[in-house]
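Before any comments, here is the structure.
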Amino acid sequence: MKMQIDYSADHWPNHLRPFEYEFESGKILACFLEYSEPDPGVGYPGGAWLIYAFAGGVDIEGILADSVIQDIEREAAWQFSQN
């Protein structure tokens with residue numbers, strides 16, 4: 001997936017993985033997640049945990065519905081595991 005936002009600037013959290021979540025057609029949340037890779041040897045499927053979700057430069061992670069957060073984490077974990 002090609003990112004629409006340039007995350008190379010210093011104001012983005014560089015220690016987390018970026019993920020763009022389209023919540024409406026053409027409306028993107030710039031998300032940053034911690035990621036733990038899968039370990040099939042022990043049956044661990046891996047996971048991603050949302051830390052920040054920016055809309056228009058404002059972090060709205062604290063006001064997102066739990067179902068949206070779970071959706072972001074699930075989609076991000078799947079995408080990260082494909083790379």
Side-chain angles (χ1 to χ4, degrees):
M1 172 185 212
K2 184 176 180 333
M3 297 285 196
Q4 295 183 20
I5 300 170
D6 178 11
Y7 295 103
S8 62
D10 288 339
H11 61 271
W12 296 112
N14 294 318
H15 63 286
L16 300 172
R17 288 194 173 204
F19 175 74
E20 293 182 346
Y21 179 74
E22 187 171 10
F23 63 97
E24 288 181 13
S25 182
K27 299 192 181 205
I28 303 291
L29 289 180
C31 301
F32 293 88
L33 300 96
E34 289 186 6
Y35 175 64
S36 178
E37 294 186 15
D39 185 350
V42 296
Y44 177 63
W49 299 271
L50 182 64
I51 307 300
Y52 302 109
F54 292 99
V58 177
D59 182 16
I60 63 166
E61 183 275 332
I63 62 170
L64 292 174
D66 288 343
S67 61
V68 173
I69 292 172
Q70 291 170 355
D71 219 24
I72 293 168
E73 291 173 343
R74 183 176 48 254
E75 286 184 30
W78 181 86
Q79 182 179 321
F80 297 157
S81 72
Q82 302 303 303
N83 297 332

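Here, residue 1 is the first one in the sequence, and each next residue gets the next number. Here the structure is a predicted model, which is why all the values come from computation and not from measurement.
- A cation-pi arrangement is absent between Arg17 and Phe32 under the rule of less than 6.0 angstrom and at most 45 degrees off the ring axis.
- Summarising the geometry, atom CD belonging to Glu75 is positioned 10.0 Å from atom CD belonging to Glu22; distances are rounded to the nearest 0.5 Å.
- The shortest non-hydrogen separation linking Ala55 to Leu29 is CB-CD2, 3.6 Å.
- When hydrophobic side chains of Ile, Leu, Val, Met, Phe, Trp and Tyr are connected at separations under 4.5 Å, Val42 ends up clustered with Tyr44, Trp49.
- Atom CD of Glu73 sits about 9.5 Å away from atom CG of Asp66, to the nearest 0.5 Å.
- When all heavy atoms of Leu50 and Cys31 are compared, the pair lying nearest together is CD1-CB, 3.8 Å.
- Between Ile72 and Phe19 there is a side-chain heavy-atom pair separated by less than 4.5 Å.
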Could you go through the side-chain contact (heavy atoms from CB on, under 4.5 Å) check for Ile51 and Glu34 one step at a time? CA-CA 7 Å; Ile51 307 300; Glu34 289 186 6; 4.0 Å; yes
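- Other residues, nucleotides and ligands contribute over 12 non-hydrogen atoms within 6.0 Å of the CG atom of Asp39.
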As a quick check of understanding, evaluate side-chain contact (heavy atoms from CB on, under 4.5 Å) for Tyr52 and Leu16, giving each step before the final call. CA-CA 9 Å; Tyr52 302 109; Leu16 300 172; 3.7 Å; yes
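- A donor-acceptor pair under 3.5 Å links the side-chain atoms of Asp59 to the main chain of Ala53, judged by distance alone.
- The side chain to side chain contact (heavy atoms under 4.5 Å, CB included) search around Trp78 returns Gln82, not counting sequence neighbours.
- Evaluation of the side-chain hydrogen bond (donor to acceptor under 3.5 Å, both in side chains) rule for Asp71 yields Tyr21, Arg74 as partners, not counting sequence neighbours.
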